[in-house]
Number of protein chains: 2
Amino acid sequence: MAAANVRDVAALAGVSVGTVSNVLNASKPVAPETAKRVLDAIEKLGFIRNDAARQLRVGQSRTVGIMVLDVSNPFFTDIARGAEDALALTGRSLILGNSGEEAHRELGYLDLFEEQRVAGLLITPVGDVLSRLERLRSRGSPVVLVDRHENARSFSSVSVDDLQGGALAAGHLLDVGRTRLAFVGGPQQVLQVAERLRGARDTVLARGARPLRVLEFETMRADVGRVGAEQLLALAPSERPDAVFAANDLIALGVLQALTSAGVRVPDDIAIIGYDDIYFAANAAIPISSIRQPAAEMGRTAAELLLEEIEHPGLKDYRHVFFPPELIVRASTAGADAPH
Amino acid sequence: MAAANVRDVAALAGVSVGTVSNVLNASKPVAPETAKRVLDAIEKLGFIRNDAARQLRVGQSRTVGIMVLDVSNPFFTDIARGAEDALALTGRSLILGNSGEEAHRELGYLDLFEEQRVAGLLITPVGDVLSRLERLRSRGSPVVLVDRHENARSFSSVSVDDLQGGALAAGHLLDVGRTRLAFVGGPQQVLQVAERLRGARDTVLARGARPLRVLEFETMRADVGRVGAEQLLALAPSERPDAVFAANDLIALGVLQALTSAGVRVPDDIAIIGYDDIYFAANAAIPISSIRQPAAEMGRTAAELLLEEIEHPGLKDYRHVFFPPELIVRASTAGADAPH
DNA sequence: GGAAAAGAATGAATCGTTTTACTGAAGAAC
DNA sequence: GTTCTTCAGTAAAACGATTCATTCTTTTCC
């Protein structure tokens with residue numbers, strides 16, 4: 001009743017365990033009829049290779065870890081799926097950790113990944129874990145940063161030019177005739193947020209519009225959007241913005257919901273633009289304009305960079321792939337003139 | 001430069017490897033000052049236990065697999081997070097597989113989980129994998145079914161009474177004065193869909209309303225909702241339903257979007273109710289009524305049932321936990337009288 | 001004070017693979 | 001006909017933890 005192992009297979013097939021391994025891994029040629037006997041034995045015994053033993057011997061696993069900030073955000077699950085697709089082609093699989101933007105959870109998963117000797121790691125870091133990542137790499141698990149290139153030229157990375165993204169968003173709002181722009185978003189410690197804001201602010205300045213009003217919050221979740229919208233509605237009419245740039249689509253959804261339920265017309269009274277271009281924003285009852293980040297492609301590319309490092313260890317040729325952000329115009333900013 | 005192992009730790013601390021293990025696992029008492037020496041050595045060497053070796057010896061891993069139908073559906077990620085919380089309390093972690101409703105992907109993950117000798121498995125099965133699950137269990141990885149109890153009394157399960165959920169939804173639509181109900185949903189091979197439909201149909205019948213119009217599709221994704229809505233709009237006015245019951249919230253969102261962009265007023269002209277009560281439906285610009293399933297709690301409970309089996313192997317005391325569905329009324333069905 | 005029990009620590013055996021160095025056998029080359 | 005390759009397959013040595021059965025010290029008890 002105990003699970004069969006290679007020894008059992010070898011005995012049944014009348015060969016040595018080494019031969020079984022060669023069949024399993026195609027590491028050395030095996031005569032066709034011998035291979036068939038082995039495969040038959042595997043089939044008959046229902047043998048499933050014990051990955052722990054394999055891994056112990058080889059020193060590395062066939063799974064790759066990915067750590068995301070928020071599994072509830074479709075942007076991150078799309079990245080994960082892109083990565084999964086690329087890895088599947090090489091017979092590797094993905095194990096997903098969700099830090100939830102909490103540093104202690106991030107550390108817990110790093111421990112896990114390190115104990116597992118993962119083949120590599122894709123990560124959007126939360127806390128100050130760079131030295132930890134260096135160690136992981138020095139122990140044979142290369143690391144690729146996703147959507148966060150910052151102070152880390154020493155790791156390969158994929159990211160989107162958030163400065164340009166912020167500029168695109170603000171530029172578009174100005175283009176459709178808006179003059180009083182507000183930014184609603186997460187903490188500026190998050191590099192992406194800071195850059196999106198800076199891009200927007202610079203654009204507003206350069207085009208001589210009124211200064212950007214900034215509402216800063218602690219997280220990037222939708223409830224932030226609702227609170228932000230309420231703060232905007234509390235302003236005197238002359239102060240009230242006629243356009244909102246939300247740091248991501250989750251926030252934009254919150255803003256939209258709060259505004260419409262307060263009777264504000266979108267986009268006639270206030271236009272809204274988000275960031276990420278997630279499915280639910282595109283399909284909101286008033287579809288939300290957004291700055292698209294090619295999530296799946298980013299995930300795929302990150303996985304490919306990682307695979308390169310996995311397959312050529314020691315090659316310190318770190319690459320940084322930047323994707324251009326893309327403006328997607330939808331009803332939440334289009335089809336209406338500036339309010340009078 | 002090679003990673004430190006227990007032997008190195010033992011040497012530095014001046015103890016035997018057995019003692020190191022005892023400190024690591026608290027399996028046998030160790031004198032406090034000895035333990036301190038060991039911990040210091042671990043710290044100094046940056047020792048991280050090799051999980052493959054541990055697992056090979058112990059025969060089982062400390063991670064649990066979960067296989068979901070669709071990671072893009074927040075309902076499933078919420079289940080996963082609930083499970084993760086419960087497992088974290090016991091020092092276990094979760095590895096997530098996404099079948100995407102495709103049987104071959106499901107099999108791929110089952111192979112992976114079996115090779116990994118996972119401590120247990122939570123699964124919403126797609127294909128015909130019951131015998132596979134039996135084998136997994138007979139080899140030491142218990143299995144709990146999530147949201148699918150069907151022909152499998154021989155596994156513990158958590159699920160929601162979908163018959164009652166369907167009845168609640170249809171009953172509510174009738175209660176607010178609707179008379180021409182339509183159902184838009186995924187394939188009836190999926191048990192949940194079939195039961196929601198049956199619950200609705202029975203209720204409509206019992207209350208003497210016009211028979212339910214059924215639009216059946218192949219998947220449960222939002223685009224299905226848009227197509228369904230267009231089919232409804234193509235009907236002659238006298239035939240056109242005044243209420244839609246969508247098999248899940250993703251579909252409801254699609255219906256809502258298609259209807260409003262066609263100028264149909266929701267709920268005045270057509271009311272909409274969904275299923276799952278996901279965040280994005282609750283926060284749509286017209287918040288969508290829904291039948292809530294307590295996703296996180298379901299995940300937590302499933303994990304607890306699994307832990308019980310893990311800790312008492314051989315105990316064939318399979319339990320089936322049913323959660324009651326709950327009607328959540330929002331703007332998409334409320335606050336409007338029946339259309340004239 | 002001596003026997004028994006309890007407490008700490010030891011070290012070898014073990015888990016199931018992969019891999020390496022090696023052995024034969026069969027054919028090729030001269 | 002001897003020597004060289006090539007080709008298949010073997011057997012044993014890893015990999016790094018945990019867990020036994022032991023040994024060596026203390027402490028307890030009468």
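As the structure is a computational prediction, the values presented were derived from the model and not from experiment. Reminder, nothing fancy here: chain letters follow the sequence lines and each chain counts from 1.
dA9(C) atom P lies 15 Å from atom NZ of K36(B), rounded to whole Å.
The side-chain hydrogen bond (donor to acceptor under 3.5 Å, both in side chains) search around R81(B) returns S72(A), D78(B), not counting sequence neighbours. Every residue two or more places apart in sequence or in another chain was checked for a side-chain hydrogen bond (donor to acceptor under 3.5 Å, both in side chains) with Q55(B), and none qualifies. Scored by the side-chain hydrogen bond (donor to acceptor under 3.5 Å, both in side chains) test, E84(B) finds R105(A), Y109(A) as partners (sequence neighbours excluded). Evaluation of the side-chain contact (heavy atoms from CB on, under 4.5 Å) rule for I95(A) yields T63(A), L112(A), F113(A), Q116(A), I95(B) as partners, not counting sequence neighbours. Applying the side-chain contact (heavy atoms from CB on, under 4.5 Å) rule to S141(A) yields the partners V118(A), L136(A); only residues at least two apart in sequence or on another chain are considered.
Side chain of Q192(B) to main chain of D147(B): a donor-acceptor pair is present (N/O by atom type, distance under 3.5 Å, no hydrogens or angles). The closest donor-acceptor contact from the side chain of S99(B) to the backbone of V68(B) lies under 3.5 Å.
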If you look only at distance, which donor and acceptor atoms sit under 3.5 Å apart when one is on a side chain in residues 6-15 of chain A and the other is two or more places apart or in another chain?
from: D8(A); atom 1: OD2; to: N5(A); atom 2: N; distance (Å): 3.0

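A salt bridge links R137(A) with E134(A): the closest approach of a Lys/Arg side-chain nitrogen to an acidic carboxylate oxygen falls below 4.0 angstrom.
Taking every heavy atom of residues 22-32 of chain A and every atom of DNA chain D, pairs under 4.0 Å involve K28(A), P29(A), V30(A), A31(A), by number.
Annotation: side-chain hydrogen bond (donor to acceptor under 3.5 Å, both in side chains) contacts involving residues 42-52 of chain B, sequence neighbours excluded, comprise E115(A)-R49(B), N25(B)-R49(B), D51(B)-R62(B). Counting only residues at least two apart or in different chains, side-chain hydrogen bond (donor to acceptor under 3.5 Å, both in side chains) contacts with residues 297-308 of chain B comprise E308(B)-R319(B).
Summary of helix geometry: the two end axes of the helix from dG1(C)-dC30(D) to dC30(C)-dG1(D), each defined by five base pairs via their C1' atoms, are inclined to each other by 40° (rounded to 10°).
A donor-acceptor contact closer than 3.5 angstrom is absent between the side chains of T219(B) and R221(B).
Chain B approaches DNA chain D within less than 4.0 angstrom (heavy atoms of the protein), and the contacting nucleotides run 5' to 3' from dG16(D) to dA21(D).
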Under a 4.0 Å heavy-atom criterion, the protein footprint on nucleotides 11-16 of chain C, written with B, S and -, is -BBBBB

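Note on V20(A): nothing from the nucleic acid sits closer than 4.0 angstrom, heavy atoms only.
Looking only at side-chain heavy atoms (C-beta outward), E106(B) and E101(B) stay at 4.5 Å or farther from each other.
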